[in-house]
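A quick write-up on the structure given underneath.
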Amino acid sequence: MKILVAAFDPFGGEKINPALEAVKLLADEIAGAEIVKLEIPTVFHKSAETLREKALEVKPDMILCVGQAGGRFAITPERVAINQDDARIPDNEDNQPIDVSIQEDGAPAYFATLPIKAMVEKIKAAGVPAAVSNSAGTFVCNHIMYQALYLAEKELDNIQAGFIHVPFIPEQVVDKPEKPAMSLEDIAKGLTAALEAMVEYHGKEDIKKIGGTTH
């Protein structure tokens with residue numbers, strides 16, 4: 001089994017992106033699955049082109065994309081991606097699409113096909129905070145999640161795919177004392193647990209566990 005794990009490069013002048021650095025810390029084999037690591041640009045469409053090229057090359061059984069959501073306390077697998085780019089700020093190449101469909105022939109939204117609730121429980125069992133997220137936003141994280149699921153449907157025989165957000169690391173919040181942070185080692189531990197759950201539940205129904213919110 002192969003799992004393609006794609007993570008964004010540093011964004012907006014940051015020296016580090018904990019998503020990418022944590023992925024670099026992952027073992028090359030987890031729960032018997034080969035982990036293929038990929039760095040993708042924080043750029044609309046170019047990120048998807050990079051992901052597509054690598055996926056068609058390695059033919060993975062699953063895809064997990066990883067990005068940062070500064071301000072969150074936990075590692076958060078995403079439930080849904082919408083077919084809409086609405087960038088509040090420019091990407092790393094100054095693209096700022098507003099109210100633009102990601103794929104004209106794509107579904108209005110795609111739900112993650114990864115076992116997100118099993119992933120959350122496995123991460124928590126490893127001693128790392130985790131929760132289901134019900135919005136990936138409308139920036140490049142939502143974009144790449146949507147593109148990964150679109151790619152899986154159109155060209156990869158409907159393999160399982162999805163996205164996971166990770167928090168800031170401590171060095172990113174030195175001047176943001178109100179923002180939560182998580183160590184890079186704990187992020188890597190959480191991602192490892194998520195990947196273990198992906199292997200365990202590959203081709204199986206996700207667990208039934210409360211993961212909703214009131215707002």
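Everything quoted here is computed from the prediction, not taken from an experiment.
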Exercise for review: Find the distance between CG (Asp61) and NZ (Lys2) and round it off to the nearest 0.5 Å.
Suggested key: 8.5 Å
**Study point:** Any donor-acceptor N or O pair under 3.5 Å, side chains His143, Gln147
**Key:** yes
Exercise for review: For the residue pair Glu78 and His165, confirm or rule out a side-chain donor-acceptor distance under 3.5 Å.
Suggested key: yes
Review point. Does some side-chain heavy atom of Phe8 sit less than 4.5 Å from a side-chain heavy atom of Val66?
Key: no
Study note, to complete from the structure: What one should report as the nearest heavy-atom pair of Leu51 and Cys65 is CD2-SG, 4.1 Å
**Study point:** Polar side chain donor-acceptor pair, Gln172 to Gln68, under 3.5 angstrom
**Key:** yes
Study note, to complete from the structure: Exactly one candidate in Lys209, Glu205, Lys204 meets side chain to side chain contact (heavy atoms under 4.5 Å, CB included) with Ile207; the answer is Lys209
Practice item. Report yes if some heavy atom in the side chain of Pro60 is under 4.5 Å from a heavy atom in the side chain of Ile159; otherwise report no. Key: yes
Check your understanding: How far apart are the closest heavy atoms of Thr42 and Asp9, and which atoms are they?
Key -> OG1-OD1, 2.8 Å
Review point. Heavy-atom distance under 4.5 Å between the side chains of Asn95 and Pro90, does that happen here?
Key: no
Exercise for review: Please report the closest heavy-atom contact between Gly203 and Gln160, naming both atoms and the distance.
Suggested key: N-OE1, 3.2 Å
Practice item. Could you tell me the separation between the OG1 atom of Thr192 and the CG atom of Asp186, rounded to the nearest 0.5 Å? Key: 11.0 Å
Check your understanding: In terms of heavy-atom contacts, does CD1 of Ile210 have more than 12 from other residues, nucleotides or ligands at under 6.0 Å?
Key -> no
Practice item. Salt-bridge test for Glu121 and Lys124: reply yes if a basic N is under 4.0 Å from a carboxylate O, no otherwise. Key: yes
**Study point:** Stepwise side chain to side chain contact (heavy atoms under 4.5 Å, CB included) check, Ile169 with Ile187
**Key:** CA-CA 9 Å; Ile169 55 174; Ile187 293 173; 3.7 Å; yes
Check your understanding: Are Asp28 and Lys37 within salt-bridge range, i.e. N to O under 4.0 Å?
Key -> yes
**Study point:** Side chain proximity check, Val199 to Ile30, heavy atoms < 4.5 angstrom
**Key:** no
Exercise for review: Just do the side chain to side chain contact (heavy atoms under 4.5 Å, CB included) check on Leu184 and Leu25 with the steps written out, would you?
Suggested key: CA-CA 9 Å; Leu184 196 58; Leu25 292 178; 4.0 Å; yes
**Study point:** Single-linkage hydrophobic cluster, 4.5 Å side-chain cutoff, Leu64 and Leu26 together
**Key:** yes
Exercise for review: Please report the shortest heavy-atom distance between Ala193 and Ala126, naming the atom on each side.
Suggested key: CB-CB, 4.1 Å
Check your understanding: So, do Glu171 and Lys15 sit near enough that their side-chain heavy atoms are less than 4.5 Å apart?
Key -> no
Review point. For the residue pair Ala136 and Cys141, what are the closest heavy atoms and their distance?
Key: O-CB, 4.2 Å
Check your understanding: Do Ile102 and Tyr150 have side-chain heavy atoms sitting under 4.5 Å apart?
Key -> no
Review point. Which value, rounded to the nearest 0.5 Å, describes the distance between Phe163 atom CZ and Thr76 atom OG1?
Key: 8.5 Å
Study note, to complete from the structure: In short, Ala74 meets Pro167 closest at the heavy-atom pair O-CG, 3.6 Å
Practice item. Apply side chain to side chain contact (heavy atoms under 4.5 Å, CB included) to Met198 and Lys122, showing your working. Key: CA-CA 10 Å; Met198 286 167 57; Lys122 195 83 167 180; over 6 Å; no
**Study point:** Lys54 side, atom NZ; Leu38 side, atom CG - distance, nearest 0.5 Å
**Key:** 6.5 Å
Practice item. I would like to know whether Phe44 and Asp85 meet side chain to side chain contact (heavy atoms under 4.5 Å, CB included); could you show each step before the answer? Key: CA-CA 9 Å; Phe44 289 101; Asp85 287 334; 3.5 Å; yes
Practice item. Enter the distance from Met182:CE to Lys189:NZ here, rounded to the nearest 0.5 Å. Key: 10.0 Å
Review point. If you count the non-hydrogen atoms of other residues, nucleotides and ligands that lie under 6.0 Å from CG in Asp105, is the total more than 12?
Key: yes
Review point. Under 4.5 Å between side-chain heavy atoms, hopping through other hydrophobics if needed: is there a path connecting Val36 to Leu195?
Key: no
Point to revise | Residue pair Pro115 / His202, side-chain heavy-atom distance below 4.5 Å | key: no
Check your understanding: Is the distance between the ring centroids of Phe11 and Phe139 less than 6.0 Å?
Key -> yes
Check your understanding: Thinking salt bridges, do Glu39 and Lys24 make one under a 4.0 Å N-O criterion?
Key -> no
Practice item. State, with a plain yes or no, whether a side-chain heavy atom of Leu114 is found less than 4.5 Å away from one of Met119. Key: yes
Review point. Taking atom CD of Glu53 as the centre, does the number of heavy atoms from other residues, nucleotides or ligands within less than 6.0 Å exceed 12?
Key: no
Study note, to complete from the structure: CG (Leu4) and CD (Glu57) are apart, to the nearest 0.5 Å, by 9.5 Å
Check your understanding: Does a sphere of radius 6.0 Å around CD in Glu29 hold more than 12 heavy atoms from other residues, nucleotides or ligands, not counting ones at 6.0 Å or beyond?
Key -> yes
Practice item. Begin from the C-alpha positions of Arg88 and Thr138 and carry the test side-chain hydrogen bond (donor to acceptor under 3.5 Å, both in side chains) through to its verdict. Key: CA-CA 8 Å; Arg88 182 179 59 82; Thr138 55; over 6 Å; no
**Study point:** Short side-chain donor-acceptor distance under 3.5 Å, Arg79 and Ser135
**Key:** no
**Study point:** Tyr110 versus Asn83, side-chain donor and acceptor atoms under 3.5 Å
**Key:** no
Review point. Out of Ile3, Leu149, Leu156, which residue meets the side chain to side chain contact (heavy atoms under 4.5 Å, CB included) rule with Ile63?
Key: Leu156
